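As the structure is a prediction and not an experimental result, all values here were calculated from the model. Every number for a ligand or one of its atoms is a count from 1 in the order of the listing.
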Amino acid sequence: MFDAHRHLSGEKEVYDALYCTSHQDEWPRVANLPSPAIGALGALANRSLPSIDVLAQALQDNPLVQVGEIGLDKRFGDLENQQSFLLASLDLAYSLERSVTVHVVQSDGLFLSCLTKAGSRLPPILWHAFTGSVETARIAARKGCILSLAPGVEKTRLAKRIEELASLDFAIETDYETDMLPYSQVLEDQYALIGRVMHKDRETLIRNNNAKRAILTNNAPAR
Ligand SMILES: [Zn+2]
């Protein structure tokens with residue numbers, strides 16, 4: 001069962017997941033994973049975004065590494081800077097043929113405008129922990145985004161309309177990190193939840209997520 005988005009944890013690492021990082025300090029830890037991703041998120045109080053050259057070098061050093069998570073988060077401030085880093089990273093990922101995992105909080109409209117700005121130079125994108133409107137989902141999906149459903153989605157306004165995402169590209173993720181229930185349980189529970197709200201069986205969801213793995217890892221085989 002592929003997990004489209006999780007983080008490093010104290011537990012033994014699994015092989016069928018796209019691990020994302022939020023800070024540059026974590027990059028060395030994901031570099032040896034089977035489907036690792038590197039990236040950096042908006043400027044948190046005590047951290048800053050890496051330069052785009054540092055990201056480019058790290059990607060060139062490891063052809064199996066994808067980009068993520070990066071994005072736009074209104075809570076972190078300086079959206080101007082976050083936006084320039086996002087646009088530069090999308091372009092870089094497009095050039096180097098890597099997928100990008102994005103984190104978008106209270107900035108859906110701005111993110112859609114970034115997709116428009118990128119024009120045809122868009123890499124495959126996973127919109128991690130998507131909770132936006134169905135209308136936003138449709139626009140993003142038309143631009144090639146995969147909408148990823150994380151635990152907690154059933155508590156959002158999207159919950160009642162999740163079934164409408166079934167006709168778009170969607171994926172299942174745990175957004176797992178330390179201090180959660182055991183990983184295997186969180187993964188099973190999330191597949192069960194999405195199965196319930198979308199009225200799809202487990203096998204169909206497994207096949208769907210495997211197809212997304214191929215896109216997100218540029219067809220790197222699962223080990
Ligand atoms: Zn995450």
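- Judged purely by distance below 3.5 Å, without hydrogens or angles, the side chains of His7 and Glu26 never pair a donor atom with an acceptor atom.
- Side chain to side chain, Gln57 and Asp61 meet the donor-acceptor criterion of an N or O pair below 3.5 Å.
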Worked verdict on Asp3 versus Tyr183 for side chain to side chain contact (heavy atoms under 4.5 Å, CB included): CA-CA 11 Å; Asp3 182 352; Tyr183 177 69; 2.6 Å; yes
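- Rounding to the nearest 0.5 Å places CH2 of Trp127 at 6.0 Å from OG1 of Thr136.
- Vertex the Zn ion (ligand 1), arms ending at NE2 of His7 and NE2 of His5: the angle is 100° after rounding to 10 degrees.
- For Asp175, the N, O or S atom closest to the Zn ion (ligand 1) goes by the atom name OD1.
- Checked against the Zn ion (ligand 1), the N, O or S atom of Glu69 at the shortest distance is OE2.
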